[in-house]
Student: 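Below is one structure. I have some questions about it.
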Amino acid sequence: MRKPLVAANWKMNGSVDFVKNFFTDLENKIDHSTVEVAVFPPFVYLSEAVKQSQSVSIGGQNLSDKAEGAFTGEVSATMLVDVGCTHVLVGHSERRSLYGEDNQMVAEKFVTAKENGLIPVLCVGETLEEREADKTMDVVKAQIAAVIDLAGIEAVTAAVIAYEPVWAIGTGRTASPEQAQEVHAAIRELLGEAGGKTRILYGGSVKADNAETLFSQPDIDGGLVGGASLKVDDFAAICGSV
Ligand code: PGA
């Protein structure tokens with residue numbers, strides 16, 4: 001019922017040559033009948049990625065909550081759409097922790113993305129400190145509730161959610177399939193009836209050798225992959241693990 005989605009978050013990596021080689025190599029390594037694939041390159045490479053990709057969706061890693069105007073350094077939702085993006089990451093933990101994006105700001109960006117026809121990939125997840133204090137679900141629920149309050153439940157269930165425990169991002173320390181499944185199931189329950197069709201991705205040190213056990217969990221519908229998405233063979237193997 002839910003087609004698996006595997007997404008590549010390149011973060012601040014890549015070059016024009018990298019984009020060209022990546023898509024040439026990737027396209028024939030993926031079975032598009034079993035998996036949907038999205039790639040999130042840095043802003044400056046979005047146009048090139050759209051040009052190079054045939055069947056892979058392209059998205060921005062961030063967007064402004066403002067429509068247009070005097071906001072130096074920002075990129076709007078309409079600009080992302082204009083260059084051919086269909087998706088956008090919203091509330092990645094690096095945006096939250098390094099650039100001060102709070103739940104309200106993330107909710108505003110989510111609404112802006114939806115209003116412009118982009119599919120938001122809403123990233124949520126707890127820090128190690130929060131997990132150890134047994135606050136994982138409180139944190140994740142508050143992150144999602146802020147978006148539901150502003151955007152409405154229908155908009156959230158029609159989007160994609162990525163559960164990314166902060167302690168697992170870029171650390172090589174993956175959540176166990178059971179830990180991830182527990183949170184995914186709780187998120188789906190929070191979304192209510194329509195949550196049955198929402199894709200909930202796992203992110204945080206997903207690699208070619210752990211993707212299959214993670215993706216085999218009933219409520220894990222694919223992954224948001226950082227480091228391992230920069231090697232096309234690894235990323236293709238992860239896409240093939242769904
Ligand atoms: P990672 O990053 O796969 O390198 O842990 C995931 C992410 O931040 O989306």
Side-chain angles (χ1 to χ4, degrees), residues 4-14 18 22 26 35-43 45-46 49 56-63 85 87-101 106 109-110 113 118-131 136 139-140 143-144 147 159-177 179-181 183-184 187 199-215 217 220-242:
L5 170 65
V6 177
N9 174 12
W10 287 358
K11 310 194 181 190
M12 200 169 72
N13 295 290
F18 178 83
F22 187 90
L26 184 70
V35 64
E36 194 181 313
V37 179
V39 175
F40 295 84
F43 287 139
Y45 301 127
L46 288 172
V56 169
S57 303
I58 304 297
Q61 296 173 12
N62 181 31
L63 80 164
C85 289
H87 291 65
V88 64
L89 299 183
V90 178
H92 188 277
S93 75
E94 285 148 20
R95 300 297 318 170
R96 292 178 190 262
S97 67
L98 302 174
Y99 301 98
E101 293 188 13
V106 170
K109 291 188 174 196
F110 183 100
L118 289 163
I119 300 171
V121 178
L122 171 64
C123 304
V124 298
E126 81 289 1
T127 61
L128 185 58
E129 205 182 3
E130 288 160 347
R131 175 161 282 265
T136 298
V139 170
V140 170
Q143 289 170 334
I144 296 175
V147 182
V160 176
I161 294 180
Y163 168 58
E164 299 202 300
V166 179
W167 48 271
I169 295 178
T171 58
R173 190 179 159 190
T174 325
S176 70
Q179 281 175 323
Q181 166 58 25
V183 180
H184 281 235
I187 292 173
R199 284 182 295 186
I200 307 176
L201 314 183
Y202 169 78
S205 298
V206 175
K207 309 276 180 234
D209 61 5
N210 62 23
E212 200 172 324
T213 48
L214 286 159
F215 297 169
Q217 297 297 309
I220 300 184
D221 306 314
L224 179 55
V225 187
S229 74
L230 296 169
K231 292 195 190 105
V232 74
D233 286 337
D234 288 5
F235 184 63
I238 293 169
C239 294
S241 305
V242 295

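Values below: every heavy atom of this structure, side chains too, minus hydrogens, waters and symmetry copies. Whatever order the structure lists ligands and atoms in, that order sets their numbers, starting from 1. The structure displayed is predicted, hence computed values, not measured ones.
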Student: Which atom pair, heavy atoms only, marks the closest approach of S229 to W10?
Tutor: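 Closest heavy-atom pair between S229 and W10: OG-CD1, 3.4 Å.
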
Student: For L46 and P41, which heavy atoms make the closest approach, and how far apart are they?
Tutor: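 Heavy atoms only, the tightest pair is CD2-CD, 3.6 Å.
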
Student: Nearest 0.5 Å, what's the CG-CG distance between L201 and N9?
Tutor: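 One finds 11.5 Å between CG of L201 and CG of N9.
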
Student: Do R96 and E101 sit within salt-bridge range, that is, some charged N less than 4.0 Å from a carboxylate O?
Tutor: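 Salt bridge absent between R96 and E101.
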
Student: Checking D233 now: which residues fulfil salt bridge (charged side-chain N to carboxylate O under 4.0 Å, His left out) with it, not counting sequence neighbours?
Tutor: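 In terms of salt bridge (charged side-chain N to carboxylate O under 4.0 Å, His left out), with neighbours along the sequence ignored, D233 is linked to K29.
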
Student: Listing by chain and number, which residues have a heavy atom under 4.0 Å from ligand 1?
Tutor: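 Those residues closer than 4.0 Å to ligand 1 by some heavy atom are N9, K11, H92, E164, A168, I169, G170, G204, S205, L224, V225, G226, G227.
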
Student: Does a side chain donor of either E129 or W167 reach within less than 3.5 Å of an acceptor in the other side chain?
Tutor: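 No, no side-chain donor-acceptor contact under 3.5 Å.
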
